Amino acid sequence: MCTGDEVERGKPDPEIFRLAASRLGVDPARCVVIEDTPLGVRAAKAAGMRVVAVPSVAKGVGLYVDAGAEGVSSSVYDLDFAACMPGGAD
């Protein structure tokens, strides 16, 4: 777990996502981020991670896709985590 207080630059800088991957000991390319803002989507993509957007408020889906989200879901309950991973559900 990381918080904005632990990094010098906030989103859209990818620093917080790189810190999280480092703490987990995982290559950023193997990470999937669940993000609720287009700014966060851009930050996670800049860190080299896959991103699924789950908007906290109704915003145009295009905002998240344009920011680089691989997918947009209306609820975390609807996510297929296996499909979010590199290589898909295989």
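Residue numbers run from 1 in the order of the sequence given. Only a predicted model underlies this, so the values are computations on that prediction, with no experimental measurement involved.
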Which pair of non-hydrogen atoms, one from [X] and one from [Y], has the smallest distance, and what is that distance?
{"X": "V41", "Y": "A53", "value": "CG2-CB, 4.2 Å"}
{"X": "V72", "Y": "Y64", "value": "CG2-CB, 3.7 Å"}
{"X": "I16", "Y": "K11", "value": "CG2-CE, 4.3 Å"}
{"X": "A43", "Y": "D13", "value": "CB-O, 3.7 Å"}
{"X": "R18", "Y": "A46", "value": "NH2-O, 3.2 Å"}
{"X": "E70", "Y": "V51", "value": "OE1-N, 2.6 Å"}

Inter-residue atom distance [X].[atom1] - [Y].[atom2], 0.5 Å rounding:
{"X": "R50", "Y": "R30", "atom1": "CZ", "atom2": "CZ", "result": "10.0 Å"}
{"X": "F17", "Y": "E35", "atom1": "CZ", "atom2": "CD", "result": "4.5 Å"}
{"X": "L24", "Y": "C2", "atom1": "CG", "atom2": "SG", "result": "7.5 Å"}

Joint hydrophobic cluster, L63 plus L39, side-chain heavy atoms closer than 4.5 Å:
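The answer is no; the residues belong to distinct hydrophobic clusters.
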Taking the side chain as everything from C-beta on, heavy atoms only, tell me whether I34 gets closer than 4.5 Å to V76.
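They are in contact (side-chain heavy atoms under 4.5 Å apart), so the answer is yes.
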Taking the side chain as C-beta and beyond, is there a heavy-atom pair between S73 and D78 under 4.5 Å?
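Contact flag for S73/D78 side chains = yes.
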